[in-house]
Structure formats: structure tokens, C-alpha cells
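Step one of this worksheet: look at the structure below.
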Protein chains: 2
Amino acid sequence: MKSKYTTIIDIAKQLNISKSTVSRALTGHPNVKEHTRKAVLELASTMEYQRNSLALGFSKHTTHTIGIMVPEFMSTYFPSVIVGVQDVMQAAGYNVVICQQNESYETEVDNMKLLLSYRVDGIIVSHTKETRNFDHFALAQRRGVPLVFFNRVPEELNVPNVIVNDYEAAFQAVEHLISIGRKRIAHLAGPDALVNSRLRRQGYLDALKKHGIPYNPDLVLSYDLTIEKVKIYMKHFLDLGTPPDALFAINDPTAIAAMEVVKAKGLRIPQDIAIVGFSNDLSAGLVYPGLTTVAQPTGEIGRMAAEMLLQELNAKVKNDYTIKKAPTTQLPTKLIIRESTVAKTK
Amino acid sequence: MKSKYTTIIDIAKQLNISKSTVSRALTGHPNVKEHTRKAVLELASTMEYQRNSLALGFSKHTTHTIGIMVPEFMSTYFPSVIVGVQDVMQAAGYNVVICQQNESYETEVDNMKLLLSYRVDGIIVSHTKETRNFDHFALAQRRGVPLVFFNRVPEELNVPNVIVNDYEAAFQAVEHLISIGRKRIAHLAGPDALVNSRLRRQGYLDALKKHGIPYNPDLVLSYDLTIEKVKIYMKHFLDLGTPPDALFAINDPTAIAAMEVVKAKGLRIPQDIAIVGFSNDLSAGLVYPGLTTVAQPTGEIGRMAAEMLLQELNAKVKNDYTIKKAPTTQLPTKLIIRESTVAKTK
DNA sequence: CAAAATATTGGGACCGTTCCCATGAAAAAT
DNA sequence: ATTTTTCATGGGAACGGTCCCAATATTTTG
């Protein structure tokens, strides 16, 4: 079963020279006669020669390809981070392959194995909401494959990462709700296993404390981020004896699902209940009323993660994060105020 | 520079057996003594052996990996197609790598080269809106790498594809606008180079004709799908002596951008102008008012494309589409009526 | 013009795996 | 007990490149 691909040996035979010379001509090695190089390049072009990256990566132990693993991409958050990553990596001459885990731990492990088995030079990761075991990441580190995390960063691992200040952003978001006079602020939180979920909740709690609003456990629910559940929890909140007058949601999809429940009940946003989300998904600006939310610099997060990965890749001596503290980059967020908290005056 | 990865030779040495036997044990070849197999598997596990797919693909000329190339993924359309593809391919034991072209022809060519140089077994494609030259796809075909197109299918190439009936769907959408009494129906069309853009426009034209509405060229504009332009064109429409009372937009992002212009001008949707989009992006259900649009079965499109690719991959004798007509699968669409054409009665 | 330096080319090892073929060992058949 | 068959293993080529070293060709130098 001969492959249909042209090889350097085919070219060498045709020109009656050695494959070494062909290789040199194609890779731009200086010691090739101009005449020879020209002949090789021409024939390569007419024969539609296409270098075999498998053979190359196999023999050179480096592939000039990086992987990026994201938990999902139905919101605009991860796609726009990926675009940022691609910008930087392509400019640096790297290929980027994308893996999507569907929020499944098993898929994540499989995809990690896939990327390692293809010997990618490095990986940019945001783990799934299910991930509790981080061995597959530790394995990559042991293999000398640098990782950079973003958004969801495991505490169990000392890895370079780029994040936003979730605590501070949540604090501000809740303070904003307080500033518009809300006192019964509910919080739909994410699973405790996610660090940013915990940080956002802490920001919520501390903002309440600062403004002397007692913490009411009835108004806080952690959930697994499966959107269908939002309906249940939100109905529960609205059915309380004294329902909340505001909601701080862990992310925009949650906030938007909650808005639907509120509207279906005939309540007004923001008059009856003000709502704040997190991340500034494209949808946040489209829903009615517009959703107040914490904007994250997604493109910049991707670019920054890529830069950090390049640093790792270019380090003459590999950083050993079993002994050295891994670097963190923290990027700024911005509270975007829309009509879900402040009704338009007109 | 020794690699940190364990190889079968390392295992063979430790156990004092040949690498052939190790290979057989690991791949599940029947002719290995149970005792030996167990020893190999155990050691492989403790040494964290990870097969080298580069070496494997290199030596076997097949990688059990397929590529998927999409023009962008900021709308929900392509991500959800991808999820469908992954479903089917993973179940069939294939790996899926995703490439995103940012609607750039150059990136598309680069990514095609990348996938070919990694010797993927097949590719599922939707090309960019810029793509006019299809040589890079023809090259893959010549290499014996099967392609399946979806959504945007080049006419220049005879390739398996999965599509929806764009003509019929557009026809229905426009008929719907006529049925609610609209007579001056504008159309924001895509570039003529895209087949589905032409088909949707033809559906528009024929629906008008069927209902005896004369075609008014002033109400049709083709554009390059860069959203900023929508503002200009929409303003132009609204500034006409007798502005349109409805808009049929080539896709949902276009429709949504148009809605913003309309709202900014203080006009009411649908009373002053009714709007229909195409594809039923997630956003379509979120905007205010809800956008009437043509739903495409995105997940099913992905699953179908994957099934068709599997057929190509499993064909004992490769299909030669230079002599044989390539198969097409057409999936049904559904018009989703929301408040952008029919105001809620309440 | 011979010797030395340099430019160009060829030869072959190497990367990790599979797979075919040969060999040896054990089991079955005579 | 001897021959045949089957089972288990080892040996080595092949895959497509790169790269080091050796060999040859060309140019420069004294």
C-alpha cells in the first residue's frame, strides 16, 4: 500500500541526487548549490511535495504544534479566547489544534492522551467542571510538556496561568447591586470544586458584610452549571416568603436562564429583581433587558496564555514547577452596566 | 537529547524480551502468552507508557484522526455542528482535531496543509467566505484524503456534502413575511460567491414572484458579511423614500445587527418593520424581540457529515469522484416564528 | 602547480512502531 | 517415540525525514 504522498526520496531519484541534498535544499540549508536548490524546489512544487510532519516530529522530537483544551464552546467565552491564542501562536510559527471536552472528564483525559501521543510541544488548558483528578495534567508536566491554564485553574497543581480577579470582580458586581438599593441579593453559585466559583462567592459574601447586610444562606445555592437546573432554583427563590430583589449569577448563561424564569412569572427586571451575570458573553448585550455583567478581556486572556506558553517553550532551561513557583498573570475585568440593573431613563 | 517518553524498547529491555513481543502484548495480538502480556501491561502502566502516534501514523500510513475546518466559531452554528461530528467520530474510535480559519483564506490553506502534513485520514469542511480558489481541497482529494463539506459547499468540486435546502427555506421565510401582509421586503444577501447565499436570494425572489410582488432592486443588497456594514446598509434602507416594511437577512448576526439599527431609530419591530434571520443561533431566541428565523438541525448536520466521512473511510475501494457523482444529504429546516414578525398577543 | 581550505554532495544511523518471516518450544497427531 | 501442527517469541526491514561524518569537487593560497 504505497502512499500517494511524494517523498524526498522520490525527488532525489528523479534528479539523481541523494536524499540528503534534497532535504538540505528544502529546509534552506546554506550548503547547497543554487542550481541544485532550484531544481529541487521546482520538482517539489510540480510533484506537490508535502512534508510529512509525522516523520519529522517523530525524528526531531518536536512538532511545532500546540494544543488547546476547552471545556465547551457554546458560549462565546472560549471561542474568543481561542482566537487570541491562535493570533499569537500562528505569528510565532506554531500550529494550533483545538480539543473540546463537552464538559466531560473522560473526554478531557482522552484528549490529553491524544495531544500527548501526537507529541504537541505545549498545551493551553481550561479544565471541565467535572474534573477532580488532575493526574493527566501532572503526567504532561512529567513528560516535559509545558502547560498554561486559564479561567479554571486547579489548585492542586503548580502551573503557569492567566486569570482575572474573580473575587474582586464579584465583590464589585454585588456592591453595584447594593448601590442601587438592593438588600436581598441571591447568588446562584457554581460547584465548589471550581476555584473561581468559590472566589466569586467569597466576593459576594464580603461585599454583603462590608455593607452590613446579613448573610442569608437561603439565598445562596451552588449548582452544577447544567442550565435546566436554573429554572428549578430560580423558581424556588421566587417562591420564598420574601423573595430576593436581586440576583448575582455565576455566569451569563445562568443569568439569562434566570431572566427567563423571572419574565415568565410576570416580574419586572430590574424593578422587581435586578440581575448581574459574569463574563459578558455576546448574548449579554442581546437579551432583553440587557444584562449587567462582568466583562473579561477574552482575546487578551488567550494572547497572554499563548505568550506565557511561548516563554516556557523558549526557556533554554525548562522551568521545574515542582520546586519553583509558577507565574500567574492577572488581567483586569470591567463591570458593564446594562438595563438588568439600571432601567433606561427616557 | 533523549525524550522523556517511555518506548516499547524500554519495556522490552526491562523484561528481557523483544520489542516485537511487547508490541504484540500492547496491541492485543492473540499470540502472546497470558503471563507475558500481563507483565508487559503492568510495566507499561507503571512506566506510564504512552504510544507515540507520530511513529505509529508514520509507519502505518493512517492516523485514525480526522480534521474539521470551520470558517469561524463566534456564532453557535459551527460549534454545535462540531459537537455532532465529535459524537459520531469518537464513538467510531477516531480522534477529532478542530481548525478555525477566522474567515481567512490564507489560514484555510495553512490549516489544510497542517492537517495533510499530519496525515489525517479525512476532513470535514465548511470553507471561508473569502475562498474562491479550491486547489487546496482538490489536492487533498488527489492525496486520497476524503472530504465531506457542509453548509458552504464549493460548486467547483464534486464532493460529498450535507446541506439544507437553502432555496426552499428562504422561500418559506419570505412567504411568511408576505402572509403577515408585508409588501416591501428588503433582503440583505451574502456574497454571490457563496452558493447558499445565491440560493437564499433566489428563494426570496421566487417567493415575491409567486405572490405577485414586483422585484425592487433597491431593496436588495449583497454584502461581505462583516457585521459593521449592516449598520450602513440598514440605515440606507430606512432612509429610502418609502422604506421597507420587512427584512429578510442572510443570517442571524445580520438580522440582529439590523434590529439594533431599527431600534436605535425608534422604529417598532415588527409593527414598522418585521425581521427574519437564518440559522437559529442561540442569540435569536434571546434578543428582544425574539427573532423569527430558519432553524437548521446543526447537531444532525455534524453527525451526518461524520457518518458520510466514515463511509468514505470504510469503503473497501475508494470512491473516485472524478468519475462518479458525489453523494449529498439534505436535511430539513424549520421556520421558527418569534416576535420579530408576529407581535405577542397578550 | 601543488597544497590547503572550502563548498557541495553522498552514505548511513536514528527516531518508535508494526509486521512479516524465521526459529524454537510446546502440544497434538500418528 | 517420531512427526506434524500450533503457539510464542525473536530478528530485522520499512516508514520519511534530519543530521553527522566522510568523500569528493571546487576554489584559494603560497
Side-chain angles (χ1 to χ4, degrees), chain A residues 1-41 43-44 47-65 113 116-119 121 143-144, chain B residues 1-41 43-44 47-65 113 116-119 121 143-144:
Chain A
M1 185 205 56
K2 200 79 186 73
S3 160
K4 289 198 188 174
Y5 288 86
T6 305
T7 73
I8 57 168
I9 299 183
D10 300 333
I11 297 177
K13 275 189 190 144
Q14 287 238 1
L15 292 177
N16 227 353
I17 56 179
S18 76
K19 63 176 178 153
S20 311
T21 304
V22 175
S23 169
R24 275 186 288 258
L26 289 172
T27 53
H29 190 96
N31 285 359
V32 183
K33 211 184 236 170
E34 204 40 46
H35 174 75
T36 315
R37 182 191 307 280
K38 202 165 149 258
V40 170
L41 292 181
L43 187 58
M47 292 180 77
E48 296 186 317
Y49 169 75
Q50 183 120 50
R51 64 120 60 88
N52 183 331
S53 295
L54 296 174
L56 206 161
F58 167 51
S59 108
K60 297 238 298 175
H61 287 289
T62 169
T63 53
H64 256 245
T65 300
K113 281 189 183 151
L116 288 182
S117 84
Y118 275 101
R119 302 297 192 259
D121 291 348
R143 287 280 182 274
Chain B
M1 184 204 57
K2 200 81 188 71
S3 160
K4 290 197 188 173
Y5 288 87
T6 305
T7 74
I8 57 169
I9 299 185
D10 299 334
I11 298 178
K13 276 190 190 142
Q14 287 238 359
L15 292 177
N16 227 354
I17 57 180
S18 75
K19 63 182 174 146
S20 309
T21 304
V22 175
S23 170
R24 275 186 289 260
L26 289 172
T27 53
H29 190 97
N31 284 0
V32 183
K33 211 182 238 169
E34 204 40 47
H35 173 76
T36 314
R37 183 190 307 280
K38 201 162 149 262
V40 170
L41 291 182
L43 187 58
M47 291 180 78
E48 296 187 315
Y49 169 76
Q50 183 118 51
R51 65 122 58 86
N52 183 332
S53 293
L54 294 174
L56 205 162
F58 167 53
S59 110
K60 299 241 296 176
H61 286 289
T62 170
T63 53
H64 257 244
T65 300
K113 283 189 183 152
L116 288 182
S117 84
Y118 274 101
R119 302 298 190 260
D121 291 349
R143 288 280 181 274

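In what follows, every chain begins at residue 1, and chains take the letters A, B, ... in the order their sequences are listed. Here the structure is a predicted model, which means the values were calculated and not measured.
In terms of phosphate contacts, B:Ser18 brings a side-chain nitrogen or oxygen within less than 4.0 Å of OP1 or OP2 of D:dG10. Dashed line: the shortest gap from a side-chain N or O of B:Lys60 to OP1 or OP2 of C:dG16 is not under 4.0 Å. Put simply, B:Thr36 has no side-chain N or O that comes within less than 4.0 Å of OP1 or OP2 on D:dA8. For the pair A:Tyr49 and D:dG17, the criterion of a side-chain N or O lying under 4.0 Å from OP1 or OP2 is met. Of the side-chain N and O atoms in B:Thr27, none sit less than 4.0 angstrom from OP1 or OP2 of C:dT18. Considering only side-chain N and O atoms, B:Ser59 lies nowhere under 4.0 angstrom from the phosphate OP1 or OP2 of D:dA14.
In this structure, A:Arg24 places its CZ atom 11 Å from C1' of D:dC21, rounding to the nearest Å. With rounding to whole Å, A:Phe58 atom CZ is found 4 Å from C:dC15 atom C1'. Going from atom CD1 of A:Ile11 over to atom P of C:dG10 covers 14 Å, rounded to whole Å. Summarising the geometry, the separation between CG on A:Asn31 and P on C:dT6 is reported as 12 Å, rounded to the nearest angstrom. Note: CZ (A:Arg37) to P (C:dA7) measures 14 Å, nearest angstrom. Note: OH (B:Tyr118) to C1' (D:dG16) measures 14 Å, nearest angstrom. If you measure from atom NE2 of B:His35 to atom P of C:dA26, you get 14 Å, rounded to the nearest angstrom. Rounding to whole angstrom units, CG of residue A:Asn16 and C1' of C:dG10 are separated by 12 Å.
Inter-residue side-chain proximity for B:Leu41 and B:Leu26 is flagged as met; some heavy-atom pair is nearer than 4.5 Å.
Each of B:His29 and A:Gln50 has a nearest nucleotide on DNA chain D; the 5'-most of these lies closest to B:His29. When the nearest nucleotides of DNA chain C are assigned to B:Ile8 and B:Lys33 by heavy-atom distance, the more 5′-ward of the two goes with B:Ile8.
At a cut-off of 3.5 angstrom, the base of C:dG16 holds no donor-acceptor pair with the side chain of A:Arg119.
Tested against A:Gln14 for a side chain to side chain contact (heavy atoms under 4.5 Å, CB included), the candidates A:Ile9, A:Val22, A:Leu43 yield a single pass: A:Leu43.
The distance from the NZ atom of B:Lys13 to the OG1 atom of B:Thr7 is 7.5 Å, given to the nearest 0.5 Å. With rounding to the nearest 0.5 angstrom, the CD1 atom of A:Ile17 is 10.0 Å from the CD1 atom of A:Ile8.
Comparing atom distances between the A:Ser20 side chain and each of D:dT9, C:dC15, D:dC19 picks out D:dC19 as nearest. The side chain of A:Ala55 approaches D:dG17 more closely than any other nucleotide in the set D:dT9, C:dT17, D:dG17. When distances run from any side-chain atom of B:Lys19 to the nucleotides C:dT17, C:dG12, C:dC15, the shortest one goes to C:dT17. For B:His61, counting side-chain heavy atoms from C-beta on, the closest listed nucleotide (D:dA8, D:dG16, C:dT17) is D:dG16.
Backbone-only contact: B:Asn52 has heavy atoms under 4.0 Å from sugar-phosphate atoms and none from a base. Nucleic acid contact for B:Ile17: sugar-phosphate only, since backbone atoms but no base atoms lie under 4.0 Å from a heavy atom of the residue. Here B:Arg51 lies in heavy-atom contact (under 4.0 Å) with sugar-phosphate atoms only.
The neighbour count for B:Arg24 CZ, taken as heavy atoms of other residues, nucleotides or ligands under 6.0 Å away, is above 12.
The aromatic rings of A:Tyr118 and B:Tyr118 stand perpendicular to each other, their planes meeting at an angle above 60°, with 30° marking the opposite boundary.
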